Amino acid sequence: MAKIILTGDRPTGKLHIGHYVGSLRERVKLQNSGTYDKIFIMIADAQALTDNADNPEKVRQNIIEVALDYLACGLDPEKSVIFIQSQIPQLCELSFYYMNLVTVSRLQRNPTVKSEIQARNFEASIPVGFFTYPISQAADITAFQATTVPVGEDQMPMLEQTREIVRKFNTTYSEALTEPEILLPGNEVCQRLPGIDGKAKMSKSIGNCIYLSETADEVKKKVMNMYTDPDHVRMSDPGKIEGNTVFTYLDAFCNDEHFGRYLPDYSNLDELKAHYRQGGLGDVKVKKFLYSVLMEYLEPIKKRRTEFEKDIPAIYKMLREGSQKAEAAAAETLAAVKKAMRINYFDDIDLINGQIKRYQK
Ligand code: ATP
Ligand code: MG
């Protein structure tokens, strides 16, 4: 069986370091491993509109931002098909048929959608499109017969929903769809990076982010203001690591070599944590270290982004070509789906012959 990747991002803002460790870094690695037959990367504008219906301009403006962040991180349109969701009409058709295979109560149980409804204050008036976006996401994944979906932990319920739809479809009609596997980052903190406020997951729609394209000054300011341990007031106080966002980010980003380069008094993160717990280590020192580590990742990304920003028409051309390739792939699946459901009337000679016989009496 061909190995196929589908994943993507909503164009609701620039991409942040949560995206990087949660999914982007993994995608680039998989892309360059050469072990996948096809890779599809989707800018999910139609999904972004489900909770931004009154602000299409936000979505429109952020498509280029996401595309630039992709290229800056090393996604390569020669190896990965990068496309825009709304340009693939087959995705809507697939969603329409999948809706019949899912119950309202099943959708109501989705924990990610539940917490997103709360974060967006939708409790009293949930848009139908938003409520049903896990079904549209199943269409996105299955349209490309994806076997592998590299995403963060918040996507687990979506993958489970997709797998249920695939099983239901294949048993109700006939085997036309592939059941995908989720691929989470191996490092647990990377599966759901918290925001700089230390509360919810880092999320564009909440705004608690460090963006990949931020200037060094902006990153420094954010790191210096980051949430740590509120009881660690004086340097001599013992500090807590659990729930301390600065240490969470170090867990996600730093390795032993970083200590040699930026903090040679310690040889690894365990030593640094032990000192912090014991007392006598100030937040500022740890934050400065985190800043240096982050900049080691962010500086080259920003440099490459600046290069790509010089030719914006080339980015739109790349997206247009990617969308054409994606549409061709989705059209094949839609044809197989219609055939499995036996609603491909005009190609079904047996159906037509059967009706002729019925009326020949
Ligand atoms: P929005 O607030 O608009 O939903 P977002 O910040 O949640 O934006 P998405 O576009 O929804 O970003 O997510 C894109 C991908 O990045 C998904 O695979 C998701 O799992 C992953 N991701 C998003 N935020 C994080 C995070 N904080 N940690 C790890 N992975 C994340
Ligand atoms: Mg999200």
Side-chain angles (χ1 to χ4, degrees), residues 5-28 30 39-53 55-56 58-63 65-67 69-70 73 75 82 84-85 110-122 127 129-130 133-134 136-137 140-141 146 148-162 180-213 222 226-227 245 248-249 251-253 297:
I5 287 177
L6 177 284
T7 186
D9 306 272
R10 293 153 39 95
T12 46
K14 295 177 174 184
L15 297 186
H16 53 65
I17 61 173
H19 296 122
Y20 184 74
V21 293
S23 172
L24 259 177
R25 176 164 64 177
E26 194 76 24
R27 285 180 215 175
V28 175
L30 297 172
I39 301 176
F40 294 95
I41 310 288
M42 181 180 81
I43 302 182
D45 63 334
Q47 190 186 116
L49 285 167
T50 65
D51 56 330
N52 290 283
N55 197 359
K58 169 174 154 189
V59 175
R60 197 167 108 94
Q61 292 297 334
N62 278 306
I63 286 175
E65 303 296 347
V66 172
D69 285 330
Y70 281 169
C73 285
L75 284 178
I82 302 174
I84 304 179
Q85 184 186 23
N110 186 313
T112 299
V113 176
K114 266 192 203 165
S115 63
E116 287 174 341
I117 284 170
Q118 247 180 355
R120 287 157 179 74
N121 288 323
F122 274 164
F130 185 79
Y133 91 73
S136 123
Q137 215 168 308
D140 304 334
I141 296 168
T148 313
V149 184
V151 283
E153 184 244 45
D154 61 311
Q155 294 302 311
M156 272 168 79
M158 312 308 163
L159 259 290
E160 206 30 63
Q161 177 76 81
T162 302
E181 303 273 351
I182 192 169
L183 185 65
L184 293 168
N187 182 346
E188 210 174 307
V189 291
C190 297
Q191 295 175 6
R192 189 190 193 83
L193 201 75
I196 48 176
D197 52 1
K199 287 184 194 143
K201 127 182 146 58
M202 184 176 286
S203 163
K204 293 183 237 97
S205 299
I206 301 177
N208 53 357
C209 311
I210 294 178
Y211 297 98
L212 296 173
S213 50
K222 286 188 176 175
M226 255 170 76
Y227 178 84
T245 317
T248 308
Y249 286 14
D251 274 326
F253 283 94
Y297 291 90

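Ligands are counted one by one from 1 in listed order, and the atoms in each one are counted from 1 as well. Remember, predicted model here, so these are calculated numbers, not experimental data.
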Inset, instruction - Using modelled atom types only, decide if a donor and an acceptor are shared between the side chain of Q191 and the backbone of P185 within a distance under 3.5 Å. - result: yes
Legend entry - Residues R27, D9: salt bridge by 4.0 Å N-O rule: yes
Inset, instruction - Please say whether H19 places an N or O atom under 3.5 Å from an N or O atom belonging to ligand 1. - result: yes
Legend entry - Flag, side chain of N208 to backbone of S203, donor-acceptor distance under 3.5 Å: yes
Legend entry - C190 heavy atom under 4.0 Å from ligand 1: yes
Inset, instruction - Determine the minimum heavy-atom distance between K201 and I206, stating which atoms define it. - result: O-CD1, 4.1 Å
Inset, instruction - Provide, to 0.1 Å, the distance between atom 3 (O) of ligand 1 and the closest protein heavy atom, together with that atom's residue and name. - result: T12 OG1, 2.6 Å
Inset, instruction - Mind listing the closest non-hydrogen atom pair of E65 and K14 along with its distance? - result: OE1-CE, 3.3 Å
Legend entry - Close approach, R120 and ligand 1, non-hydrogen under 4.0 angstrom: yes
Legend entry - Y249 side-chain N/O to P194 backbone N/O, donor-acceptor pair under 3.5 Å: yes
Legend entry - Check: I82 main-chain N/O paired with Y70 side-chain donor or acceptor under 3.5 Å: no
Inset, instruction - Return a yes/no value for T7: is any of its N or O atoms, backbone included, closer than 3.5 angstrom to an N or O of ligand 1? - result: no
Legend entry - Backbone or side-chain N or O of P150 under 3.5 Å from ligand 1 N or O: no
Legend entry - Nearest-contact summary for atom 14 (C) of ligand 1 - protein heavy atom, Å: D9 OD1, 3.1 Å
Inset, instruction - Output the list of atoms in ligand 1 that are nearer than 4.0 Å to some heavy atom of G8, sorted by atom number. - result: 14 (C), 15 (C)
Inset, instruction - Examine K204 against ligand 1 and note whether any of their N/O atoms are separated by less than 3.5 Å. - result: yes
Inset, instruction - Examine distances only and state if a side-chain atom of S23 and a backbone atom of G152 form a donor-acceptor pair shorter than 3.5 Å. - result: no
Inset, instruction - Look only at interatomic distance and state if E116 has a nitrogen or oxygen under 3.5 Å from any nitrogen or oxygen of ligand 1. - result: no
Legend entry - Any N/O pair V151/ligand 1 closer than 3.5 Å: no
Legend entry - Nitrogen or oxygen of I206 less than 3.5 angstrom from that of ligand 1: no
Legend entry - Closest approach of any protein heavy atom to atom 4 (O) of ligand 1, naming residue and atom: R10 NE, 3.0 Å
Inset, instruction - Answer yes or no: is there a donor N or O on one side and an acceptor on the other, between the side chain of Q85 and the main chain of I43, under 3.5 Å? - result: no
Legend entry - Polar atom proximity, H16 to ligand 1 (N or O, under 3.5 Å): yes
Inset, instruction - Using a strict 4.0 Å cut-off to heavy atoms of G22, name the atoms of ligand 1 that fall inside it. - result: 29 (C), 30 (N)
Inset, instruction - Enumerate the atoms of ligand 1 whose separation from the nearest heavy atom of S205 is less than 4.0 angstrom. - result: 1 (P), 2 (O), 3 (O)
Inset, instruction - Could you list which atoms of ligand 1 come closer than 4.0 Å to a heavy atom of D154? - result: 19 (C), 20 (O)
Inset, instruction - Look at the side chain of T7 and the backbone N and O of P150, then say whether any donor-acceptor pair between them is shorter than 3.5 Å. - result: yes
Inset, instruction - For the pair F253 and Y20, name the ring-plane relationship: parallel under 30°, tilted 30 to 60°, perpendicular over 60°. - result: parallel
Inset, instruction - Please could you name the atoms of ligand 1 that K201 approaches to less than 4.0 Å, counting only its heavy atoms? - result: 5 (P), 6 (O), 7 (O), 23 (C), 24 (N), 25 (C), 27 (N)
Legend entry - Protein contact of atom 28 (N) of ligand 1 - nearest heavy atom, named by residue and atom, plus distance: L193 N, 2.9 Å
Inset, instruction - Compute the minimum heavy-atom distance from A44 to ligand 1 and say whether it is under 4.0 Å. - result: no
